[in-house]
A.B. asks: 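This structure is in structure tokens; I'll ask about it shortly.
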Amino acid sequence: MLDIKYVRQNLAAVEAALSRRGGGVSLEPFRLADEEHRRDLAELEALRHQRNRVTAEIARLKKSGDPAEPLVAQMREVSARIRELEQRVAHAEERLNEILLGLPNLPHADVPTGRDSADNPVVASFGEPPRFDFEPRPHWEIGSRLGILDPERAAKIAGARFPLYYAAGARLERALINFMLDLHTGEHGYREVLPPFIVNRRSMTATGQLPKFAPDLFKLEGWDYFLIPTAEVPLTNLHQDEILEEEDLPLAYTAYTPCFRSEAGSYGKDTRGLIRQHQFNKIELVRFCRPEDSYAELNRLLAQAETVLRRLELPYRVVELCTGDLGFSAAKTYDIEVWMPGQGAYREISSCSNFEDFQARRGGIRFRRRGRKGTEFVHTLNGSGLAVGRTFAALLENRQRADGAVDIPAVLRPYMNGMERLTP
RNA sequence: GGAGAGAUGGCCGAGUAGGUCGAAGGCGCUCGCCUGCUAAGCGAGUAUACUCCGAAAGGGGUAUCCCGGGUUCGAAUCCCGGUCUCUCCGCCA
């Protein structure tokens, strides 16, 4: 959520900044609701002040046995007016809140203006796409030949877009999870968390999935609960409605969780393989920090996510999302894209974002500066470190051999009981 | 699923024949003094949000005693609904 005071005082600038995301934006409904709200609130508070004063006077009169009836009668009317105003103010507040919750974050001034992913500049790259003296296969073919992926039976059990791994495949997925968690907890200073995979509406609203993106979520029937689409939601909400101490910042959490996404509107896209699933595994990194540190923290986060790919010896590039491709809650985002030989394309495998105080304001996540009065909102960041299913797919495609075998990278072998290669 | 108990400030914990309670007391914490050495004593301060005045320091106003609604001139205190926590029974990984 944007700072209502800032929006009020910088209407045109906010409209312009939001317009960079694409489409026109008018804050006229906001302005009207805000003005009405402030007007009514001022009157309401004045009346309440009067009531508080007179009510104390009534108490005094009654105690000394003096007649209070005239004042009581007067207050009867004041109270009626107060009730009326309270309703109006409550409605206006609701309306304002609705508007503000629906506004996306302001893109950072540095973010390049653009329409869609075609306009995302490449800012870094690592490794060379491998050369094959045969036609590289897509990972689903490799996986099926190895007998470690079984989309047909997954469809029987659940439906399309669900994963089913066997044997060394299941082991490899688990190895990736453990490798990533060990890296982030052991070398990058993250605290490991195993959070709920189901969260409530408040949490989904704080991180920005709700109210706008309900169709992308799986909701439990008969409950106001949702399956998490990413561990960002439970991790960021760890400190919901808390006031942190400056010296405790930055805080860094990592979690492995399955992620559940309805993928509404993605019919026909990535219909085969592990790229787009209703359920997938992900290691998430979440950081809370002081506002002045958040862009340095974003670079740190990005480097940590990149480290996973470097250790796995997978070629990738980093793109900066342009304004048109930027997520709802983000002020700035870098995507890491891994090379997929089976598709001859780079595909997103991690997204690292700075949300500034957008989520913190929605979630009530503050901190207190040492020796200072009052509180400020923290800045929150998160990044995938990494999407495990996509990493699995990238591994199969980049390290496939002509005979259908797949080499296991050195860092994973300890997690695979020393296994060096998956063989048909 | 059945039965019961409870939700007050960072923590503990008073406060219900409705009134001067943002809320006693204790602990913790901060600053100062004292003392002097790792312990204690004394004094002051110590919630959040919004808003108004002020250059600032600071001061004024409103709201918040789980949430929502009701009664009343007035509610932490009364009534209704909800949420959560705990205990016992049942069931269960």
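Per chain, numbering begins at 1; letters A, B, ... match sequence-line order.
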A.B. asks: Any strand counts, and the cut-off is 3.5 Å on both contacts for Watson-Crick or G-U wobble. Which nucleotide pairs with B/rC42?
C.D. replies: B/rG32
A.B. asks: How far does the C1' atom of B/rG25 sit from the matching atom of B/rG9, given to the nearest Å?
C.D. replies: 13 Å
A.B. asks: For B/rU77, give the paired nucleotide (Watson-Crick: N1-N3 plus N6-O4 or O6-N4; G-U: N1-O2 and O6-N3; both under 3.5 Å), or none.
C.D. replies: none
A.B. asks: Give a yes or no on whether the ring-centroid distance for A/Phe218 and A/Phe226 is below 6.0 angstrom.
C.D. replies: no
A.B. asks: Name the pairing partner of B/rG6, where a pair is Watson-Crick or G-U wobble with both distances under 3.5 Å, or state none.
C.D. replies: B/rC84
A.B. asks: Taking only the P atom of each, what is the distance from B/rA76 to B/rC88 in whole angstrom?
C.D. replies: 35 Å
A.B. asks: How far does the P atom of B/rA75 sit from the matching atom of B/rG68, given to the nearest Å?
C.D. replies: 15 Å
A.B. asks: Does the structure show a Watson-Crick or G-U wobble partner for B/rC91, both distances under 3.5 Å? Name it, or say none.
C.D. replies: none
A.B. asks: Is it the case that the ring center of A/His379 lies less than 6.0 angstrom away from the ring center of A/Phe358?
C.D. replies: no
A.B. asks: Give me the distance, rounded to whole Å, that separates B/rA47 from B/rC21 when you measure between the C1' atoms they each carry.
C.D. replies: 15 Å
A.B. asks: Please report whether the ring centroid of A/His239 lies less than 6.0 Å from that of A/Tyr253.
C.D. replies: yes
A.B. asks: Work out how far the C1' atom of B/rA14 is from that of B/rC67, and round it to whole angstrom.
C.D. replies: 24 Å
A.B. asks: Establish, from distance only, whether the side-chain atoms of A/Glu173 and A/Tyr165 form a donor-acceptor pair under 3.5 Å.
C.D. replies: yes
A.B. asks: Using the C1' atom as the point on both nucleotides, what is the distance between B/rU30 and B/rA93, in whole Å?
C.D. replies: 49 Å
A.B. asks: Just to verify, which of A/Thr307, A/Val308, A/Leu314 counts as forming a side chain to side chain contact (heavy atoms under 4.5 Å, CB included) with A/Arg311?
C.D. replies: A/Thr307
A.B. asks: Hey, which of A/Arg421, A/Arg399, A/Arg413 is the one that makes salt bridge (charged side-chain N to carboxylate O under 4.0 Å, His left out) with A/Asp407?
C.D. replies: A/Arg421
A.B. asks: Taking the same atom, C1', in B/rU72 and in B/rC78, what whole-Å distance lies between them?
C.D. replies: 10 Å
A.B. asks: Taking B/rG26 as the reference, what is the distance to B/rG13 when you measure between their P atoms (whole Å, please)?
C.D. replies: 16 Å
A.B. asks: Using 30° and 60° as the class limits, which term best fits the ring planes of A/Trp223 and A/Tyr225: parallel, tilted or perpendicular?
C.D. replies: parallel
A.B. asks: Along nucleotides 44-76 of chain B, 5' to 3', which nucleotides get a B, which get an S, and which get a -, given that the test is a protein heavy-atom distance under 4.0 Å?
C.D. replies: ---SSS-S---------BBS---------BS--
A.B. asks: Counting only Watson-Crick pairs (N1-N3 plus N6-O4 or O6-N4) and G-U wobbles (N1-O2, O6-N3), all under 3.5 Å, who is the partner of B/rC21?
C.D. replies: none
